[in-house]
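Notes follow once the structure below has been shown.
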Amino acid sequence: EIVEAGELDPNEVHLPGIYVHKLIKATDNEKKIERLRLQEKGSNGVVKGGRGRIMRRAAKEFKDGMYVNLGIGMPTMASNYIPPGVKIELQAENGLLGIGPYPESKDLADPDYINAGKETITALPGASCFSASE
């Protein structure tokens, strides 16, 4: 359904910085999960071999209190090797500060919580969502 010009009060449309030419009512609003990634039981995110060694080395750079924006791939997995006693805040490219681990099950996966690789993640208590453009 296309809304005719003048049908909506402009004061009721709040899209800062965006010019709205027309609004179209969506008929299919199901958001699909692109890359379902779950916690591996018993692995605690540990990767063996050379890749695991690289990730463990990268994680040694984390310092207590850091805010870290992890990129795609191995940098994201480096968060599995945070040294004991070090607390960092992880940020996703799509505007989530306070990334948690991969969800434990498909039922706990949320298509709105994804990392830079479009893998499902969780939000820790106190996490904050914001526009990825900010």
Side-chain angles (χ1 to χ4, degrees):
E1 173 184 1
I2 298 177
V3 179
E4 295 296 324
E7 229 178 291
L8 295 174
D9 179 356
N11 293 322
E12 301 211 10
V13 178
H14 300 283
L15 302 170
I18 299 174
Y19 173 75
V20 178
H21 182 65
K22 64 179 144 181
L23 299 175
I24 300 172
K25 183 178 179 181
T27 57
D28 180 10
N29 294 315
E30 181 184 353
K31 191 164 188 177
K32 295 179 173 61
I33 293 175
E34 293 183 46
R35 294 189 69 195
L36 179 64
R37 178 77 184 256
L38 303 175
Q39 290 182 25
E40 295 178 21
K41 301 212 186 301
S43 75
N44 294 328
V46 173
V47 176
K48 297 184 176 165
R51 288 173 52 94
R53 192 169 68 236
I54 292 168
M55 290 178 235
R56 283 190 298 280
R57 175 60 190 95
K60 288 182 179 181
E61 298 296 321
F62 297 143
K63 304 292 183 237
D64 195 40
M66 281 182 145
Y67 288 79
V68 181
N69 182 332
L70 297 174
I72 193 168
M74 288 196 324
T76 298
M77 292 186 282
S79 63
N80 294 322
Y81 300 94
I82 297 169
V86 173
K87 183 176 181 334
I88 63 173
E89 294 290 336
L90 298 174
Q91 179 201 345
E93 295 291 327
N94 63 346
L96 173 63
L97 181 62
I99 295 175
Y102 294 125
E104 293 177 1
S105 69
K106 186 175 182 177
D107 293 337
L108 297 175
D110 184 331
D112 288 321
Y113 290 149
I114 58 172
N115 63 22
K118 297 188 179 184
E119 297 171 326
T120 50
I121 54 175
T122 58
L124 295 174
S128 175
C129 296
F130 48 90
S131 169
S133 66
E134 294 180 25

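Just so we're clear, the structure is a prediction, and the values are computed from it rather than from any experiment.
- The salt bridge (charged side-chain N to carboxylate O under 4.0 Å, His left out) search around K118 returns E34, not counting sequence neighbours.
- Atom OH of residue Y102 and atom CG of residue L108 lie 16.0 Å apart, to the nearest 0.5 angstrom.
- The minimum heavy-atom distance between P111 and I33, with the atom names listed, is CB-CG1, 3.8 Å.
- Minimum interatomic distance between A59 and P83 (heavy atoms only, all atoms of both residues): O-CD, 3.6 Å.
- Within the 4.5 Å cutoff, side-chain heavy atoms of I82 are placed close to those of I88.
- Proximity of L96 to S128: side-chain heavy atoms (C-beta onward) are nowhere separated by under 4.5 Å.
- The distance from the CG atom of D110 to the CG atom of D107 is 12.0 Å, given to the nearest 0.5 Å.
- There is no side-chain donor-acceptor pair under 3.5 Å between Q91 and Y67.
- In this structure, CD1 on I114 lies 10.0 Å from CD on E119, to the nearest 0.5 angstrom.
- Atom OH of Y113 sits in a sparse spot, with 12 or fewer heavy atoms from other residues, nucleotides or ligands closer than 6.0 Å.
- Looking at E7, its side chain does come within 3.5 Å of a backbone N or O of E4 through a donor-acceptor pair.
- Evaluation of the salt bridge (charged side-chain N to carboxylate O under 4.0 Å, His left out) test over residues 63-91, restricted to residues two or more places apart or in two chains, returns K87-E89.
- Rounding to the nearest 0.5 Å gives a distance of 12.0 Å between CG of D112 and OG1 of T120.
- Checked by atom type and distance alone, the side chain of T122 never pairs as donor or acceptor with a backbone atom of P103 at under 3.5 Å.
- In this structure, the side chain of R37 does not engage the main chain of I121 through any donor-acceptor pair within 3.5 Å.
- With respect to I99, the side-chain contact (heavy atoms from CB on, under 4.5 Å) criterion is satisfied by exactly one of L124, L90, V68: L90.
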